[in-house]
Protein chains: 2
Amino acid sequence: MAIPRAAKTQRRTRIQEEKEEIILEAALDVFSVNGFRGTTVDQIAEVAGMSKPNLLYYFRTKEAMHRALIDRVLFTWLEPLRAFDANGNPESEIRSYIRRKLEMARDFPRESRLFANEMLQGAPHVEDELRGPLKALVDEKAEVIRAWATAGKIAKCDPYHLIFSIWSTTQHYADFDVQVRAVLGQEHAGEGRFEDAARYLEQLFVDGLRIRHN
Amino acid sequence: MAIPRAAKTQRRTRIQEEKEEIILEAALDVFSVNGFRGTTVDQIAEVAGMSKPNLLYYFRTKEAMHRALIDRVLFTWLEPLRAFDANGNPESEIRSYIRRKLEMARDFPRESRLFANEMLQGAPHVEDELRGPLKALVDEKAEVIRAWATAGKIAKCDPYHLIFSIWSTTQHYADFDVQVRAVLGQEHAGEGRFEDAARYLEQLFVDGLRIRHN
DNA sequence: TGTAATGTTTACCAATCGGTCAAATTATCC
DNA sequence: GGATAATTTGACCGATTGGTAAACATTACA
């Protein structure tokens with residue numbers, strides 16, 4: 001009897017662990033580009049190198065695969081923000097936060113795009129997580145930033161929009177990668193663009209453009 | 001004979017103009033949320049309030065609708081950058097560019113999302129336009145910014161990444177609208193968030209966070 | 001007002017969609 | 001090695017996909 005689906009067994013088989021990993025890897029490939037609606041189970045099965053029924057043996061539905069991916073990404077995606085230290089030095093904390101987010105954009109662009117796709121669609125699968133855990137974490141860190149501003153350690157600014165601007169500028173290099181490459185052209189589109197971006201962004205957030213006021 | 005499709009006639013009928021507008025409006029609704037692959041012709045037909053064959057009388061294929069939308073958006077989307085004036089004052093030029101891009105994110109969020117969806121999918125329909133006209137325009141404006149830096153009017157910085165950062169921070173309020181609302185919560189998610197963002201971003205780009213160096 | 005061009009609809013197509021089922025195959029464990 | 005559970009497959013399902021054919025209705029224009 002092949003009724004006991006993967007989810008039902010308490011202890012996961014070696015094969016289960018391996019195959020589920022292969023499937024999620026393939027699903028990430030496809031979902032991150034085409035979004036949930038634009039992705040077909042057959043596509044995932046082909047990338048994963050297994051038959052569709054076999055794939056559906058491990059994940060009952062397309063939604064189950066998507067949900068598993070989103071859950072995983074949501075957790076790791078907020079790691080850098082969690083590491084934001086209230087007792088640290090404002091400059092080094094902000095610098096290292098930018099650097100970490102930029103490294104994630106470079107090393108995990110598919111995860112970034114999966115998340116971006118979900119946002120574009122109005123977050124139908126994760127709106128609760130946004131309003132709950134995400135908002136709570138951001139509220140906490142925003143309070144830290146506000147305290148720094150009150151203490152005169154950094155300029156007074158809206159801490160929420162500060163966080164938004166770090167998110168958007170860094171993730172841009174994953175989500176809009178094609179555009180970045182196209183605009184930079186052959187000359188500058190080498191892998192050095194992430195170092196250039198890091199240098200520019202750290203300067204922007206720390207010093208701004210230092211426009212000379214006449 | 002109903003063979004002469006809309007495209008074939010030289011002069012467009014009143015009905016053609018009206019219906020094509022209705023269709024593109026509906027298509028923008030659906031494409032901007034679900035992306036190209038995730039959108040069905042039936043969805044567009046329903047939103048447009050007409051039958052599928054009738055819709056396909058004006059646009060032969062799903063691709064034709066998408067192409068028409070992309071072309072239109074690509075042009076208007078670059079208006080603010082074209083308006084960027086080499087002879088203007090650096091501070092006011094950058095400030096007004098930010099303001100204009102933010103207004104577009106507020107007033108045309110669907111257009112922003114349509115473009116974002118296309119980028120996430122690797123720009124399969126517009127890669128040529130990116131490498132051609134877009135790159136040319138950005139190259140031109142980047143040269144202006146570089147000249148300002150050389151003249152000591154603004155800090156030395158990578159002009160391309162400067163432009164990227166303005167694009168990403170402003171479009172974020174359209175593309176990630178759900179997330180922004182969720183994080184800001186009921187209290188601050190009123191329509192004032194665009195003014196808050198404008199104030200914050202203008203400060204960021206002009207002065208940075210003015211971190212006190214110990 | 002007549003007629004030709006334009007516009008709309010119903011019925012339909014093959015291909016693909018997400019997912020099921022039972023049979024066949026393979027791994028596990030006593 | 002044999003029983004039992006886990007895994008894999010091919011055949012298949014009804015629904016939906018993008019798009020077509022042709023009959024029908026409406027408009028524009030002489």
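Numbered from 1 within each chain, the chains take letters A, B, ... in sequence-line order.
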Spacing between [X] atom [atom1] and [N] atom [atom2], to the nearest angstrom:
| X | N | atom1 | atom2 | result |
| --- | --- | --- | --- | --- |
| B/Ile23 | C/dG7 | CD1 | C1' | 12 Å |
| A/Arg67 | C/dG18 | CZ | C1' | 19 Å |
| A/Leu55 | D/dA6 | CG | P | 19 Å |
| B/Glu18 | C/dG7 | CD | P | 11 Å |

Phosphate contact ([N] OP1 or OP2) by [X] side-chain N/O below 4.0 Å:
| X | N | result |
| --- | --- | --- |
| A/Gln16 | D/dA6 | no |
| A/Ser51 | D/dT9 | yes |
| A/Tyr58 | D/dT8 | yes |
| B/Asn54 | C/dG7 | no |
| A/Tyr57 | D/dT9 | no |

Treating primed atoms plus P, OP1 and OP2 as sugar-phosphate and everything else as base, which nucleotides of nucleotides 11-19 of chain D get B, S or - for protein heavy atoms under 4.0 Å? B-----SBB
Hydrogens and angles aside, do B/Asn34 and B/Thr39 bring a side-chain donor and acceptor to less than 3.5 Å of each other?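 Their side chains do not contain a donor-acceptor pair, so the 3.5 Å distance test is not met.
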Do B/Glu25 and B/Arg110 meet the salt-bridge criterion of a basic N to acidic O distance under 4.0 Å?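 So B/Arg110 pairs with B/Glu25 through a salt bridge.
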Should A/Arg193 and B/Asp158 count as an ion pair when the cut-off is N to O under 4.0 Å?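 No.
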Working for side chain to side chain contact (heavy atoms under 4.5 Å, CB included), residues B/Met119 and B/Val126: CA-CA 9 Å; B/Met119 292 301 108; B/Val126 294; 4.0 Å; yes
So, using ring pair (Phe, Tyr, Trp, His ring centres under 6.0 Å) as the criterion, who are the partners of A/Tyr160 when residues are at least two apart?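 Per chain and number, A/Tyr160 pairs via ring pair (Phe, Tyr, Trp, His ring centres under 6.0 Å) with no residue.
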Please report the C-alpha distance between A/Tyr57 and A/Lys19 in whole Å, then the side-chain angles of each, then the deciding distance to 0.1 Å, and finally whether the side chain to side chain contact (heavy atoms under 4.5 Å, CB included) criterion is met. CA-CA 10 Å; A/Tyr57 170 75; A/Lys19 291 296 173 74; over 6 Å; no
